[in-house]
Amino acid sequence: MKTRHFVLPLMVLLAACRQEPQDVAEAGEAYPALWEITDETGALEGWLFGTVHALPEELDWRSDRFDRIEDDADLLVVEVSGLDDRSALEAQFQALATDRRPLPPVTDRLGPVERERLRRLLKRNDMAANALDGLETWAAALALAQFGRIHPAEYGADKVLLGDFASREIFELEGAGPQLAIFDRLPEEDQRDLLVSVLEEVDRAPSERPDLALIWSRGDLDRLEEITGEGMLADPELRDALLVERNRTWAAQIENLLTAAPKPLIAVGAGHLLGPDGVPALLEARGYRVRRIQ
């Protein structure tokens, strides 16, 4: 089975199931959430920018203020830097997505309702009924999540920024392999919860799906936080593994970066920057002041 088109960074998966396109003209002037980080003396240390990994091509999300910050930043910090290297992504997926032990068919890992959802989804997308058999459960969920994605990852904010910083320093917080390994380490019960959640989300009627790109472009953090608490991230075990623990690890890495001389622009999925478990709150607990730039 070919894995092309099935390899997505983790937060693309999280966003993929939440979107239904609306006219981006409705957004008006875009002001995605941006924060500045200062130390205890008020000295500027860097910036945080919440990204969305899949956006409509026509959405103009940049501002003069953002462009000035981008020019002033000494390095870019992202979750994954190699988004254009499809071969490497596929190889890392292949290495983790299958198990040497025989796996039951994906349908046998689901209850009757979810089994019917899977059947409908595969048929709707012209895929064979056994197309995902042989994949570990998390990998099957990752493959299915692509069918909920509305906007292309090609125009995601992080990918645009990687292009802008092509001649400057880029620091990777995780990388695609470690992101995929987060799924691979999930207990089978949690992997099945993930698969069920993806099936539920992708099977939702278009009218029930909020447009994450539009909400993000307005800088509506309350609504973003509400969305981040739904779906697969409403499951405590999945939320802890896919969001909370990663935020804690990143906060430690970011603190090390902030103690160095260069000022970083830290651009990670917007869901990581929200609420008491978000990176801004964790940095403030470490003694920094994190202020949203209006």
Side-chain angles (χ1 to χ4, degrees), residues 4-16 19 24 30-37 45-93 142 145-146 149-182 212-213 216-217 219 224 246-247 249-251 253-254 256-258 260 262-273 279 293:
R4 187 164 301 157
H5 310 307
F6 286 171
V7 183
L8 303 173
L10 191 154
M11 288 309 292
V12 178
L13 167 69
L14 300 184
Q19 301 176 58
V24 294
Y31 288 103
L34 180 67
W35 292 260
E36 69 174 19
I37 307 167
E45 296 285 352
W47 302 269
L48 280 169
F49 179 57
T51 66
V52 167
H53 304 292
L55 293 171
E57 180 180 7
E58 63 271 24
L59 177 60
D60 181 11
W61 52 266
R62 308 180 72 108
S63 65
D64 291 341
R65 181 69 176 272
F66 182 88
D67 288 341
R68 288 195 299 271
I69 288 172
E70 186 183 55
D71 289 341
D72 290 341
D74 297 306
L75 75 154
L76 176 68
V77 179
V78 292
E79 299 174 42
V80 177
S81 63
L83 296 180
D84 286 326
D85 192 346
R86 299 294 303 182
S87 296
L89 291 172
E90 290 172 11
Q92 291 174 86
F93 182 83
L142 202 68
Q146 67 172 327
R149 187 175 63 183
I150 302 299
H151 303 306
E154 180 181 357
Y155 304 107
D158 47 354
K159 196 161 187 179
V160 171
L161 292 175
L162 285 167
D164 292 348
F165 277 79
S167 61
R168 288 188 276 171
E169 185 178 358
I170 297 172
F171 181 87
E172 190 176 59
L173 287 170
E174 282 181 337
Q179 278 199 353
L180 292 171
I182 292 169
L212 186 62
W216 168 82
S217 72
L224 284 177
R246 296 170 69 219
N247 289 352
T249 300
W250 292 359
Q253 291 178 276
I254 291 168
N256 288 335
L257 288 170
L258 295 176
K263 293 181 177 60
L265 172 59
I266 302 154
V268 298
H272 290 282
L273 306 181
V279 173
I293 301 171

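- Counting heavy atoms from C-beta on, the side chains of L34 and L48 never come closer than 4.5 Å.
- Every residue two or more places apart in sequence or in another chain that forms a salt bridge (Lys or Arg N to Asp or Glu O under 4.0 Å) with E36 is listed here: R291.
- R62 is linked by a salt bridge (Lys or Arg N to Asp or Glu O under 4.0 Å) to D67, E70, D164, counting only residues two or more places apart in sequence or in another chain.
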Checklist entry - Could you go step by step and tell me if F171 and L257 meet the side-chain contact (heavy atoms from CB on, under 4.5 Å) rule? => result CA-CA 9 Å; F171 181 87; L257 288 170; 3.7 Å; yes
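- Between the CD1 atom of I69 and the CG atom of D64 there is a distance of 11.5 Å, given to the nearest 0.5 Å.
- With contacts defined as side-chain heavy-atom distances shorter than 4.5 Å, the pair E79/D158 does not qualify.
- Not counting sequence neighbours, K263 has no partner by the salt bridge (Lys or Arg N to Asp or Glu O under 4.0 Å) test.
- With sequence neighbours left out, the side-chain contact (heavy atoms from CB on, under 4.5 Å) criterion links P178 to no other residue.
- How far CG of L273 is from CH2 of W250: 8.5 Å, rounded to the nearest 0.5 Å.
- Proximity of F49 to I266: side-chain heavy atoms (C-beta onward) are nowhere separated by under 4.5 Å.
- H53 is not listed as a side-chain neighbour of K159, based on a closest heavy-atom distance of 4.5 Å or more.
- Inter-residue side-chain proximity for V268 and T51 is flagged as unmet; no heavy-atom pair is nearer than 4.5 Å.
- Judged as a side-chain contact (heavy atoms from CB on, under 4.5 Å), and not counting sequence neighbours, the contacts of A73 are W47, F165, L265.
- Side-chain contact between E154 and E57: absent, with no pair of heavy atoms (C-beta onward) separated by less than 4.5 Å.
- Between the CZ atom of R246 and the CG atom of L173 there is a distance of 9.5 Å, given to the nearest 0.5 Å.
- Considering CG of L161 and CZ of R168, their distance stands at 9.5 Å, rounded to 0.5 Å.
- Here the straight-line distance linking atom CG of D60 with atom CG of L55 works out to 11.5 Å at 0.5 Å rounding.
- Residues passing the side-chain contact (heavy atoms from CB on, under 4.5 Å) test with A181 are L96, R185, sequence neighbours excluded.
- Put simply, the side chain of Q253 does not reach to within 4.5 Å of the side chain of V77, judged on heavy atoms.
- Summarising the geometry of P264 relative to L258, their closest heavy-atom pair is CG-CD2, 3.9 Å, with the distance given to 0.1 Å.
- Residue A270 comes nearest to L224 through the heavy atom pair CB-CD1, 4.3 Å, listed as atom of the first residue, atom of the second, then distance.
- Annotation: the span from E174 atom CD to Q179 atom CD amounts to 4.5 Å, rounded to 0.5 Å.
- The nearest pair of heavy atoms linking A54 to A213 is O-CB, 4.4 Å.
- Between F66 and W61, the ring planes lie perpendicular to each other; the angle is over 60°, past the 30° to 60° tilted range.
- Heavy atoms of other residues, nucleotides or ligands lying less than 6.0 angstrom from CG of N256 number more than 12.
- Annotation: side chain of L59 is in contact with side chain of S217 (closest heavy-atom distance under 4.5 Å).
- The two residues A267 and L76 make their nearest non-hydrogen contact at CB-CD1, 4.1 Å.
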